[in-house]
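I have placed the structure first, in the form of C-alpha cells, so that the comments after it can refer back to it.
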Amino acid sequence: MVTLERKVLEKNDRIALEIRRELRERRVLALNFVSSPGAGKTTLLERIIQDLSPELTIQVIEGDQATDRDAQRIRSAGARAVQVNTGAGCHLDASMVARAIEELDPPGGALLAIENVGNLVCPALFDLGEVCKVLVLSVTEGDDKPAKYPHIVRASQLLVLNKIDLLPYVLFDTDRCIELAGKVNPRIQSLRVSATRGDGLADLYRWLRAQAAHPECERSS
Ligand SMILES: Nc1nc2c(ncn2[C@@H]2O[C@H](COP(=O)(O)OP(=O)(O)OP(=O)(O)O)[C@@H](O)[C@H]2O)c(=O)[nH]1
Ligand SMILES: [Mg+2]
C-alpha cells in the first residue's frame with residue numbers, strides 16, 4: 001500500500017512539473033484554490049471574474065465529485081470553465097489538470113484558477129503544477145482549523161479568511177485563526193474577506209495583480 005501510494009504521488013509530481021514548466025513558458029499564472037466544502041471558493045472566483053475581467057483573462061478548472069454546477073456559475077460570471085468530476089475521488093490530480101489545460105488552452109498572461117474538490121486533507125498532497133495554493137477558510141468552520149489540518153496550511157502561500165460578514169453571529173477569533181496558521185507556516189500571508197459583501201477584496205485583487213506581474217510563490221510542497 002505504501003509503495004503504491006508513493007508511486008502514485010511520484011507519477012503525479014512528474015506531470016505537475018511538466019505543467020508548471022509549460023505554464024511558466026506561456027506566462028500563465030495557475031492558482032490552486034483549496035478549502036473545505038462550502039467555504040466560498042466559487043463565490044470568490046465569481047467576484048474575481050466580475051471585478052477583474054477583462055483587465056485579466058481568467059479561466060477556471062472546476063473540481064467536484066459530481067455535477068457541473070460550479071462550472072456553470074463561472075460561465076455565468078463571464079469566464080471559460082472546464083468541469084472535472086472526480087466521482088469517488090476526493091481531490092484533483094495533475095493528469096486531470098493537464099487534460100483540462102489542453103481543452104482551455106489559456107492565452108499568455110492569463111490567470112488559470114483551479115478550484116479543487118472541497119476537502120482540507122487530500123489536496124495538500126497533490127501538486128497540480130500551480131504557482132501556489134490559496135487556502136480559503138470561512139468563519140463558520142471554527143478558528144482552530146489551521147492547527148487541526150496543518151498539512152494544507154503548510155502547502156499554501158495565502159490564507160483567505162472568508163465570510164467575515166458573519167462574525168457578529170459566530171464564535172470565531174480571526175486573530176487566533178491567523179496566529180495558528182502562522183505557527184504551522186510562518187510564511188503564509190493572510191487576508192480577511194467577505195466574498196458576498198466585498199470586504200477585503202481590494203487587498204485580494206492587489207495580491208492577484210502582484211502575482212500576475214511577478215509570480216513570487218514558491219513551489220507547493
Ligand atoms: N455570508 C456569506 N456567505 C458566503 C460568503 N461566501 C460564500 N458564501 C456562501 O457560502 C455558500 C457556499 O459557497 P460556495 O462559493 O459554493 O463554496 P465552495 O467553496 O465553492 O463550495 P464547494 O465547491 O462545494 O466546495 C453559498 O451559499 C455562498 O453564498 C461570504 O463571504 N459571506
Ligand atoms: Mg465551489
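On a predicted model such as this, the values are computed, not experimentally measured, just so you know. Just so you know, ligand 1 is whichever comes first in the structure, and atom 1 is the first atom listed for that ligand.
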Just let me know how Thr42 lines up against ligand 1, side chain, backbone, both or neither, with a heavy-atom cut-off below 4.0 Å.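 Within the 4.0 Å criterion, Thr42 contacts ligand 1 through backbone and side-chain atoms alike.
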Using heavy-atom distances, let me know which of [options] sits nearest [atom].
{"atom": "atom 31 (O) of ligand 1", "options": "Ala39, Gly200, Gly63, Ala195", "value": "Ala195"}
{"atom": "atom 10 (O) of ligand 1", "options": "Glu46, Lys163, Arg69, Arg47", "value": "Lys163"}
{"atom": "atom 17 (O) of ligand 1", "options": "Gly40, Ser35, Gly198", "value": "Gly40"}
{"atom": "atom 24 (O) of ligand 1", "options": "Ser194, Gly38, Ser36, Gly118", "value": "Gly38"}

Could an N or O of ligand 1 be found under 3.5 Å from any N or O of [X], whether backbone or side chain?
{"X": "Val193", "value": "no"}
{"X": "Leu166", "value": "no"}
{"X": "Pro37", "value": "no"}

Atom indices of ligand 1 within 4.0 angstrom of [X] heavy atoms, with elements:
{"X": "Asp70", "answer": "23 (O)"}
{"X": "Lys41", "answer": "15 (O), 17 (O), 18 (P), 19 (O), 20 (O), 21 (O), 22 (P), 23 (O), 25 (O)"}
{"X": "Asp165", "answer": "1 (N), 2 (C), 30 (C), 31 (O), 32 (N)"}

Are there any protein N/O/S atoms under 2.8 Å from the Mg ion (ligand 2), and if so, which?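 Only Thr42 OG1, Asp70 OD2, Glu115 OE2 fall inside 2.8 Å of the Mg ion (ligand 2).
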Quick one: does atom 2 (C) of ligand 1 have a protein heavy atom under 4.0 Å from it? yes
Less than 4.0 Å between atom 27 (O) of ligand 1 and some protein heavy atom, yes or no?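 Under 4.0 Å from atom 27 (O) of ligand 1, zero protein heavy atoms found.
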To check your reading of the model: name the closest protein heavy atom to [atom], its residue, and the distance in Å.
{"atom": "atom 13 (O) of ligand 1", "result": "Thr43 OG1, 3.5 Å"}
{"atom": "atom 6 (N) of ligand 1", "result": "Asn162 ND2, 3.2 Å"}
{"atom": "atom 30 (C) of ligand 1", "result": "Thr196 OG1, 3.2 Å"}

Please tell me if the side chains of [X] and [Y] come closer than 4.5 Å, counting only heavy atoms from C-beta onward.
{"X": "Glu5", "Y": "Val8", "answer": "no"}
{"X": "Arg80", "Y": "Val60", "answer": "no"}
{"X": "Leu135", "Y": "Val160", "answer": "no"}
{"X": "Asn32", "Y": "Val34", "answer": "yes"}
{"X": "Ile61", "Y": "Leu104", "answer": "yes"}
{"X": "Ile114", "Y": "Leu31", "answer": "no"}
{"X": "Arg192", "Y": "Ile178", "answer": "yes"}

Salt bridge check: are [X] and [Y] linked by an N-O gap of less than 4.0 Å?
{"X": "Arg69", "Y": "Glu62", "result": "no"}
{"X": "Arg20", "Y": "Asp13", "result": "no"}
{"X": "Glu10", "Y": "Arg6", "result": "yes"}
{"X": "Arg26", "Y": "Glu22", "result": "yes"}
{"X": "Arg14", "Y": "Asp127", "result": "no"}
{"X": "Glu179", "Y": "Lys183", "result": "yes"}

So, 4.0 Å and heavy atoms of Glu115: is ligand 1 close enough to count as a contact?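 Judged by the 4.0 Å heavy-atom criterion, Glu115 does count as contacting ligand 1.
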Looking at ligand 1, is there an atom of it that comes within less than 4.0 Å of some heavy atom belonging to Arg73?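 Judged by the 4.0 Å heavy-atom criterion, Arg73 does count as contacting ligand 1.
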Report yes or no: does Asn162 contribute a side-chain atom to a donor-acceptor pair with the main-chain N or O of Ser138 at less than 3.5 Å?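 Such a contact is absent between Asn162 side chain and Ser138 backbone.
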Quick check: does any side chain N or O of Asn185 sit under 3.5 Å from a backbone N or O of Val153, one acting as donor and the other as acceptor? yes
